[in-house]
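We number each residue from 1, following the sequence as shown.
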Amino acid sequence: MDFQAAFNTAQLAMAVVDQEGRMLTANHALGRLLATDPTKLTGVPAIDLAGLGLDHRARGACHAVLRGESDQMRCTRRLKHPDGHLYWAEVTLVPIERPSSAALLSIMDISERRDLQERLRHLQMHDPVTRLPNRTLFFERLTAALADSTTGRIGLCYLDIDGFKAVNDILGHRVGDQLLDAVAQRLTECATELQPGGGHLVARLGGDEFALLVEGSTGTKQLTELAQRAQTKLQHPFDLAGQRLDVSASIGVVERSAEGTTATELMQAADTTLYWAKADGKARWTLFDPERNAHRVTRQALSNTLRPAVQRGEFALEFQPIVGLADDTLRGVEALVRWRHPQFGTLGPNQFIALAEENGAIVPLGRWVLAESCRQARRWQLEHSGPPLYVSVNVAVRQVWDSDLVADVAAILAETGLPAGLLQLELTESAVMGSAGRPLKALQALSEMGVRIAIDDFGTGYSNLAYLSRLPVRALKLDGTFVRGFRTARQLNPADETIVTSLVELAHKLGLTVTAECVEGPSQAERLRRIGCDTGQGWHYSKPVTADCISELLGDG
């Protein structure tokens with residue numbers, strides 16, 4: 001079979017075109033495709049055939065091939081067959097080697113391939129359980145909406161099902177999947193009721209997380225109404241597999257200008273707001289609050305930079321005097337850490353200690369505070385005559401669990417030369433009460449070493465004095481709430497004085513000393529002295545000051 005015969009009998013529609021784009025010859029398949037005699041196509045400008053559906057860009061690509069500037073033109077077009085049905089075609093133009101320059105035009109019906117691709121894409125882009133758009137398609141639509149919002153604004157309700165894990169664990173994944181499908185149906189109904197013409201995308205992002213995307217938001221009111229409608233629909237019981245399930249949803253709501261917003265930023269805001277809804281009690285919707293988010297971002301920024309800040313030396317210590325109530329003499333100091341933050345200024349411990357405990361940075365930070373406090377206490381001992389000051393240092397429970405506190409203290413005392421009796425470690429009452437295992441052994445080892453153990457903020461927790469007799473505790477620090485009622489005679493509550501008196505007497509019977517915190521005036525100091533409190537600490541004596549200020553208070557002896 002020669003070339004011409006093969007060309008004419010081929011099932012692929014083809015034509016040879018000259019440099020001007022006119023058809024030199026067309027095969028029978030092309031004739032059938034265009035419902036004409038192929039011989040009548042000779043001389044017809046192929047590129048301008050209406051049946052090919054070539055746009056300006058495709059025509060330009062064809063001319064580039066004919067001029068020898070390109071090796072190929074390929075495009076996909078939706079064409080109409082002479083019998084009326086639509087089909088997908090791949091139109092190709094490639095140069096061929098002939099004595100005179102020419103090119104081969106081919107038109108391939110790719111409808112089956114295209115349909116298969118679309119079915120595969122649908123499977124890839126949709127959740128098999130709920131048949132909703134999945135995370136991939138959701139982000140595709142979200143990105144497109146941000147680039148071309150009809151109103152210039154965008155909104156998102158991001159929700160998950162409260163207690164869904166319990167449904168899976170107790171009733172099994174089959175019922176869990178049925179619940180997800182039922183939730184999807186209700187959310188779709190909700191979106192359709194509020195926007196009958198479409199425009200609200202409902203998607204399952206994974207697990208029990210769903211999203212309702214408003215691509216052209218008209219404002220916060222629209223989004224909160226959508227969230228409330230979804231909440232109400234999901235609160236109606238579900239009857240599944242003979243089970244009546246009552247569930248609720250927590251929803252984070254975000255509405256903002258599309259310009260300047262990225263998909264990642266929008267989802268981060270939605271995720272944060274969903275977390276707030278759950279933290280605020282679940283079964284509710286919560287609107288994104290920039291101020292609340294700024295606090296969260298600041299908190300996260302502090303948390304992330306705590307460890308590097310210890311290494312960079314951004315922390316400093318101040319010391320608050322602890323004074324004998326009987327004679328107003330300086331007995332000791334409490335070390336209080338400050339963070340000289342390069343961006344946020346000086347931060348007190350209440351702004352970062354809890355974060356340090358959460359992320360574990362309290363271990364290196366606590367070790368630094370302990371070492372620096374002991375070094376300073378040893379300097380005072382060497383530089384000033386008279387009774388030496390003890391230094392009191394706060395210790396978090398995590399320091400006991402996550403590090404070898406006993407070894408750290410022993411090493412620091414050996415390195416600084418500070419006598420163990422001049423170091424007091426303060427632990428909160430809730431941390432000490434009920435101690436067993438490692439914490440209790442650590443406290444006993446430290447006490448045997450000679451270190452003083454004190455309970456901070458005593459009276460706010462268990463207040464189990466009987467248990468104290470079995471702990472190696474040397475001192476109690478009364479919480480300031482007991483002392484504040486002692487400010488003036490007019491404000492004095494007899495019950496406060498009775499409670500403090502009883503605590504002090506019982507502590508003394510157990511061989512413990514008592515320090516009153518938050519002493520702010522002379523009347524408080526006088527009453528505490530009369531009650532028998534051993535030492536006091538507060539602004540009546542001094543606010544926290546630098547080590548140099550303590551040195552000035554000590555004088556020459």
Can you list the steps and then say if Leu159 with Leu212 is a side chain to side chain contact (heavy atoms under 4.5 Å, CB included)? CA-CA 8 Å; Leu159 64 93; Leu212 290 87; 3.6 Å; yes
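- With a 6.0 Å radius and a threshold of 12 heavy atoms from other residues, nucleotides or ligands, His85 has its NE2 atom above the threshold.
- Formation of a donor-acceptor pair under 3.5 Å by the Gln524 side chain with backbone atoms of Glu520 is found in this model.
- Of the inter-residue distances, the one linking Lys278 atom NZ with Ile251 atom CD1 reads 10.5 Å to the nearest 0.5 angstrom.
- Using a distance-only test at 3.5 Å, with no hydrogens or angles considered, a donor-acceptor pair links the side chain of Gln231 to the main chain of Ala249.
- Atom OG1 in Thr272 sits 10.0 Å away from atom CZ in Arg292 (nearest 0.5 Å).
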Enumerate donor-acceptor pairs with a distance under 3.5 Å from any side-chain N or O in residues 223-230 to protein atoms, sequence neighbours excluded.
| from | atom 1 | to | atom 2 | distance (Å) |
| --- | --- | --- | --- | --- |
| Thr224 | OG1 | Thr220 | O | 3.2 |
| Thr224 | OG1 | Lys221 | O | 3.0 |
| Glu225 | OE2 | Lys221 | NZ | 2.5 |
| Gln228 | OE1 | Trp285 | NE1 | 2.9 |
| Gln228 | NE2 | Thr232 | OG1 | 3.3 |
| Arg229 | NH1 | Glu193 | OE1 | 2.9 |

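- In this structure the side chain of Leu443 never reaches within 4.5 angstrom of the side chain of Leu425, judged on heavy atoms.
- Within a 6.0 Å radius of CE in Met108, no more than 12 heavy atoms belonging to other residues, nucleotides or ligands are found.
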Test side chain to side chain contact (heavy atoms under 4.5 Å, CB included) on Asp289 and Thr273; report intermediate values, then the result. CA-CA 8 Å; Asp289 179 355; Thr273 313; over 6 Å; no
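- Taking a cutoff of 4.0 Å between a charged side-chain nitrogen and a carboxylate oxygen, Arg338 and Glu318 qualify as a salt bridge.
- With a 6.0 Å radius and a threshold of 12 heavy atoms from other residues, nucleotides or ligands, Asp239 has its CG atom above the threshold.
- The closest side-chain heavy-atom distance from Ser373 to Trp368 is not below 4.5 Å.
- Considering CD1 of Ile499 and OG1 of Thr481, their distance stands at 9.5 Å, rounded to 0.5 Å.
- The side-chain heavy atoms of Arg367 and Ser403, taken from C-beta on, include a pair separated by under 4.5 Å.
- Qualifying salt bridge (Lys or Arg N to Asp or Glu O under 4.0 Å) partners for Asp148, counting only residues two or more places apart in sequence or in other chains: none.
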Run Leu156 and Leu142 through side chain to side chain contact (heavy atoms under 4.5 Å, CB included) and show every step you take. CA-CA 10 Å; Leu156 177 63; Leu142 172 58; 5.7 Å; no
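- With a 4.5 Å cut-off on side-chain heavy atoms, Arg78 and Leu86 count as touching.
- Within the 4.5 Å cutoff, the side chain of Glu517 has heavy atoms near those of the Asp456 side chain.
- Under the ring pair (Phe, Tyr, Trp, His ring centres under 6.0 Å) criterion, the residue pairs touching residues 126-171 are His122-His126, with sequence neighbours excluded.
- In terms of heavy atoms, Ile107 sits closest to Leu12 at O-CD1, 3.4 Å.
- At a threshold of 4.0 Å, the pair Arg32-Asp109 does not count as salt-bridged, since none of the basic side-chain nitrogens sits closer than that to a carboxylate oxygen.
- The number of heavy atoms from other shown groups lying within 6.0 Å of CD (Gln11) does not exceed 12.
- In this structure the side chain of Glu255 never reaches within 4.5 angstrom of the side chain of Val214, judged on heavy atoms.
- Looking only at distances, a side-chain donor or acceptor of Arg59 sits under 3.5 Å from a matching main-chain atom of Leu54.
- For Arg186 (side chain) and His236 (main-chain N/O), a donor-acceptor pair under 3.5 Å exists by modelled atom type.
- The main-chain N or O of Leu355 is never found under 3.5 Å from a side-chain atom of Ser303 such that the two would form a donor-acceptor pair.
- A heavy-atom distance below 4.5 Å is found between the side chains of Phe288 and Arg256.
- At distances below 3.5 Å, not a single donor-acceptor pair connects side-chain atoms of Arg114 with backbone N or O atoms of Trp88.
- Side-chain N/O atoms of Asn394 and Glu334 include a donor and acceptor closer than 3.5 Å.
- The CZ atom of Arg121 sits 9.5 Å away from atom OG1 of Thr136, with the distance rounded to the nearest 0.5 Å.
- Counting heavy atoms from C-beta outward, Leu33 and Leu79 have side chains that stay 4.5 Å or more apart.
- The heavy-atom pair separating Leu146 from Ala258 by the smallest distance is O-CB, 3.8 Å.
- Ion pairing between Arg299 and Glu358 holds under the 4.0 Å rule for side-chain N and carboxylate O.
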Can you list, pair by pair, the side-chain donor-acceptor contacts under 3.5 Å of residues 342-354, counting residues two or more places apart and other chains?
| from | atom 1 | to | atom 2 | distance (Å) |
| --- | --- | --- | --- | --- |
| Thr346 | OG1 | Arg340 | NH1 | 3.2 |
| Gln351 | OE1 | Gly348 | N | 2.9 |

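- Annotation: cation-pi pair Arg296/Tyr275 absent, no NZ/CZ under 6.0 Å from the ring centroid and within 45° of its normal.
- When the shell of 6.0 Å around CD of Glu259 is examined, it contains 12 or fewer heavy atoms from other residues, nucleotides or ligands.
- Using modelled atom types, one finds a donor on one side chain and an acceptor on the other under 3.5 Å when comparing Asp162 with Ser250.
- Listed by chain and residue number, Arg67 satisfy the salt bridge (Lys or Arg N to Asp or Glu O under 4.0 Å) test with Glu69 (two or more places apart in sequence, or in another chain).
- Remark: side-chain polar atoms of Gln222 are paired, donor with acceptor, to backbone N or O of Thr218 under 3.5 angstrom.
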Report, one line per pair, each donor and acceptor closer than 3.5 Å where one atom sits in a side chain of residues 166-179; sequence neighbours left out.
| from | atom 1 | to | atom 2 | distance (Å) |
| --- | --- | --- | --- | --- |
| Asp169 | OD2 | Lys165 | NZ | 2.7 |

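- Listed for the Asp115 side chain is no donor-acceptor partner under 3.5 Å among the backbone atoms of Glu118.
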